[in-house]
Amino acid sequence: MSADATKMEKIVSLCKRRGFIFQSSEIYGGIGGFWDYGPLGVELKRNIKEAWWNDMVRNPPTGPSGRDLQMVGVDCSIIMNPKVWEASGHATGFADPMIDDRETKQRFRADQLIGLWKIKEIPKSEFSGLENQNIFEFSVSPPEFTSVAISVREAAEEFEKILRKERKQGVFEYRWIKQVSYLGGEVALMAAAPKREQQETICLWYARKIMLDELTSQADLIPSPYTGKIGNLTQPRQFNLMFKTHYGAMEDASSLAYLRPETAQGIFANFKNVCDSSRVKIPFGIAQVGKSFRNEINPRNYTFRSREFEQMEIEFFCHEKDSMMWWEWWRNVRINWYKTLGLKSENLRPRNQDEKELAHYSKACTDIEYMFPFSDEPQELEGVAHRGCFDLTQHQTHSGKDMSYFDDESKERFTPTVIEPSAGADRSTLAFICEAYTVDESRPSPEIMRFHPRLAPIKAAVFPLVNKEGMPEIAEQIYRDLRKHYACQYDPKQSIGKRYARMDEAGTPFCFTVDGQTLQDGTVTVRDRDTGQQERIDKGNCLLFLREKLNLE
RNA sequence: GCGGGUGUAGCUCAACGGUAGAGCGUCACGUUGCCAACGUGAAUGUUGACGGUUCAAAUCCGUUCACCCGCUCCA
């Protein structure tokens, strides 16, 4: 258990108690990996998404050359033509049993693995007529894995490579290689290599598809097809990570569809539409906020790894020659965005992926990670990835539609390179909650949510100090004026301390209180959430006061 | 997916197989003139769900669901 597990438990407890986050379908025993936002949670999350949309799309930062950034938005359907997922690579990677190479992070289909076994060495005198025999009769236990390939063709090449290498040493020569049927017509290679002719022995090998149960039981013995090293492969697992559904009334194979596992593909699929309709010129970005769905193997850590989650994604299209500059620029913009909204730099951990982690088409990727109390390892909030021209090229190939861009100034036609800052809305929300959670034992109400004012679910509360003598009427009027502009609450009940305490737990930055002096000189107190300090302002200036405070960066 | 743990009121937690409780919170009334104050009162539970053992189950057993921890995983 990490050192801050107790802190996380308190945060979870507060989130439920105050109405930030509830377990989905709780009255039915819940459902794994799904969460609901309560009255305060929905305001918080909306504020985060709106801050993102405002700061990235409507009022984006100035570009590196001092020119304004071109950013536009889309809102695409969650269900798309299933071919989209073939093009994006999700269909295969999500549906079949897959194995990972822990070292190279390569993932491949388990049911296509071809194993190459060394069976045994036999005297050369027994070699004649071998071609006509069933090679499996020679099998002695245990055959020794020597190599693994991910296709029959590769297995053959691999075998030839081994023999070539041996031939180079001047001692070995391979004799034959042939295909036979094996278990239900699967293709197998069988081969033998004369070995150390002076010792009069030869070596037998065979290659065949590795069965799934073998992969499961012998995962630790099978060499990686990429490195040849033993012990780096995971067990094969079924990755049904996309949610299946059907469209139309008939539920058959032709109506199979998927809930999107990411919002990005809606952007790529609309690349041409946006270009043709909105007068944008490269470089420019398309943004989208929306729900995505992944059947996580093991949802864990509160809302951090949910099966239904919301993304805030940008696909930024630029020329390949400027792409690294843009990648670095976006990386810094995004890190600073979190800092500006209150995530402290020591908890925020940008981490550049090393080459082994990168997808094969990617040149660079920074994971913006955050130290949550539930883990000793930083966890990813956002990835800023250099995706090359992979996605547009894939869609061009699969759809047959041209995805290239023509630059009128340089008269150049090219497929744009994409920089993808992809942020998790729920993960960010959780990070802002964890960051805001503060315990100050010196205060009568120790638990305080110190949200940045822009993110706070309630911007201000208005109280009559006591619920009589004309105070409620004045307070109510202030409240009615404020709530036209900001999320506010009015609370006339119970002791003033209790009301302040409740607002501390909700993370409300300011409380206006109408008291006896208000009746005389028209001033009210403003109480600051973080310091507990009060000042007096004119009751007519509450809105002005909030405007000033909330616009602060 | 594997191993371990937990599940009782909104929250935190008691209750040895024998009548389900406390603190806090919530609500009402009174009081109160700035920090969970005070007084009085109230509501709230098929003890996660299902099944079994038993005269009797929150308690013992089985199944299941959810959450937590460790592995694993995170395209």
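Just so it is clear, the values below take in all heavy atoms, side chains as well, and ignore hydrogens, waters and symmetry mates. Sequence lines set the chain letters: A, B, ... in the order given, protein chains first and strands last, and positions in each chain run from 1.
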- Supply the atom-to-atom distance A:Phe293 CZ to A:Glu310 CD, rounded to the nearest 0.5 angstrom.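 The CD atom of A:Glu310 is 9.5 Å from CZ of A:Phe293, to the nearest 0.5 Å.
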
Using a 4.0 Å heavy-atom cut-off, does [X] contact any base of the nucleic acid, only the sugar-phosphate backbone, or nothing at all?
| X | answer |
| --- | --- |
| A:Asn301 | sugar-phosphate |
| A:Ser495 | base |
| A:Arg18 | base |
| A:Gln494 | sugar-phosphate |
| A:Gly32 | sugar-phosphate |
| A:Gly33 | sugar-phosphate |
| A:Gln23 | sugar-phosphate |

- Message: Exactly one of A:Arg17, A:Arg443, A:Lys10 should register a salt bridge (Lys or Arg N to Asp or Glu O under 4.0 Å) with A:Glu505. Which one does?
- Response: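 Going through A:Arg17, A:Arg443, A:Lys10 one by one, the salt bridge (Lys or Arg N to Asp or Glu O under 4.0 Å) with A:Glu505 is satisfied by A:Arg17 alone.
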
- Item | Name of the residue among A:Arg349, A:Arg351, A:Arg427 meeting salt bridge (Lys or Arg N to Asp or Glu O under 4.0 Å) with A:Glu369 |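 Considering A:Arg349, A:Arg351, A:Arg427, a salt bridge (Lys or Arg N to Asp or Glu O under 4.0 Å) with A:Glu369 is found only for A:Arg351.
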
Would you measure the distance from the [atom1] atom in [N] across to the matching atom in [M] and give it in whole Å?
| N | M | atom1 | result |
| --- | --- | --- | --- |
| B:rG18 | B:rC61 | P | 15 Å |
| B:rC73 | B:rC60 | P | 36 Å |
| B:rA57 | B:rU19 | P | 11 Å |
| B:rG25 | B:rA42 | C1' | 14 Å |
| B:rG51 | B:rU46 | C1' | 15 Å |
| B:rG17 | B:rC29 | C1' | 44 Å |
| B:rG39 | B:rU32 | P | 15 Å |
| B:rC27 | B:rA15 | P | 31 Å |

Can you tell me whether the side chain of [X] and the base of [N] have a donor-acceptor pair closer than 3.5 Å?
| X | N | value |
| --- | --- | --- |
| A:Arg527 | B:rC35 | yes |
| A:Glu505 | B:rA36 | yes |
| A:Arg300 | B:rG70 | yes |
| A:Ser13 | B:rC11 | no |
| A:Asp515 | B:rG33 | no |
| A:Tyr500 | B:rC34 | yes |

- Derivation of the side-chain contact (heavy atoms from CB on, under 4.5 Å) call for A:Leu482 and A:Phe512: CA-CA 11 Å; A:Leu482 289 182; A:Phe512 299 105; 3.8 Å; yes

- Query: Can you name the one residue among A:Glu315, A:His395, A:His90 that meets side-chain hydrogen bond (donor to acceptor under 3.5 Å, both in side chains) with A:Gln265?
  - Reply: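 With A:Gln265 as partner, side-chain hydrogen bond (donor to acceptor under 3.5 Å, both in side chains) holds for just one option, A:His395.
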
Take atom [atom1] of [X] and atom [atom2] of [N], then tell me their distance rounded to the nearest Å.
| X | N | atom1 | atom2 | value |
| --- | --- | --- | --- | --- |
| A:Ile21 | B:rC11 | CD1 | P | 15 Å |
| A:Phe463 | B:rA36 | CZ | C1' | 12 Å |
| A:Ile27 | B:rA9 | CD1 | P | 15 Å |
| A:Phe512 | B:rC35 | CZ | P | 19 Å |
| A:Met8 | B:rU12 | CE | P | 13 Å |
| A:Lys7 | B:rU12 | NZ | C1' | 19 Å |
| A:Leu14 | B:rG25 | CG | P | 14 Å |
| A:Lys10 | B:rC13 | NZ | C1' | 14 Å |

- Message: I'd like to know if the side chain of A:Thr518 reaches the main chain of A:Thr523, judged simply by a donor and an acceptor atom lying under 3.5 Å from each other, with no hydrogens or angles considered.
- Response: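 Flag set: sc A:Thr518 to bb A:Thr523 pair under 3.5 Å.
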
With a 6.0 Å cut-off on ring centres, are [X] and [Y] close enough?
| X | Y | value |
| --- | --- | --- |
| A:Phe374 | A:Phe304 | yes |
| A:Phe317 | A:Phe271 | yes |
| A:Phe463 | A:Tyr490 | no |

- Query: Using the glycosidic torsion, which applies to B:rG33: syn (within 90° of 0) or anti (everything else)?
  - Reply: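 Chi for B:rG33 falls in the syn range.
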
- For A:Arg502, does the CZ atom sit with more than 12 other heavy atoms under 6.0 Å from it, leaving out its own atoms?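 Enclosed: over 12 neighbouring heavy atoms sit under 6.0 Å from CZ of A:Arg502.
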
- Item | A:Gln396, CD: over 12 other non-hydrogen atoms inside 6.0 angstrom |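 Yes, CD of A:Gln396 has more than 12 neighbouring heavy atoms, counting only those of other groups under 6.0 Å.
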
- Of all the nucleotides listed (B:rC71, B:rC69, B:rC34), which has the minimum atom distance to the side chain of A:Asn298?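 Shortest atom-to-atom distance from the side chain points to B:rC71.
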
- Message: Closest approach to the side chain of A:Ile496, judged atom by atom: which nucleotide of B:rC67, B:rC34, B:rC27 is it?
- Response: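 Between B:rC67, B:rC34, B:rC27, the one nearest the side chain of A:Ile496 would be B:rC34.
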
- Please work out whether the ring planes of A:Phe451 and A:Phe20 are parallel, tilted or perpendicular, with thresholds of 30° and 60°.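 Taking A:Phe20 first and then A:Phe451, their aromatic rings sit tilted (interplane angle of 30° to 60°).
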
- Query: Could you give all pairs that pass the salt bridge (charged side-chain N to carboxylate O under 4.0 Å, His left out) test and reach residues 22-34 of chain A, with sequence neighbours left out?
  - Reply: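 Salt bridge (charged side-chain N to carboxylate O under 4.0 Å, His left out) check on residues 22-34 of chain A returns A:Lys16-A:Glu26.
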
- For A:Gly532 and for A:Gln379, find the nucleotide of RNA chain B with the closest heavy atom, then tell me which residue's nucleotide is more 5'.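 On the 5' side of the pair lies A:Gly532.
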
- Could you check A:Tyr28 against A:Arg499 and say which one's nearest nucleotide on RNA chain B is further toward the 5' end?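 The 5'-side residue here is A:Arg499.
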
- Taking only N and O in the side chain of A:Lys498, is any of them less than 4.0 Å away from OP1 or OP2 of B:rC34?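 No, no such contact exists.
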
- Item | Strand-adjacent residues in residues 467-477 of chain A, judged by heavy atoms under 4.0 Å from RNA chain B |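 Hits under 4.0 Å, by residue number: A:Lys468, A:Glu469.
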
- Consecutive Watson-Crick or G-U pairs in runs of at least 3, all under 3.5 Å, in which RNA chain B is involved: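 As far as RNA chain B goes, consecutive pairing (with distances under 3.5 Å) yields the stems B:1-7 with B:65-71, B:10-13 with B:21-24, B:26-30 with B:38-42, B:48-52 with B:60-64.
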
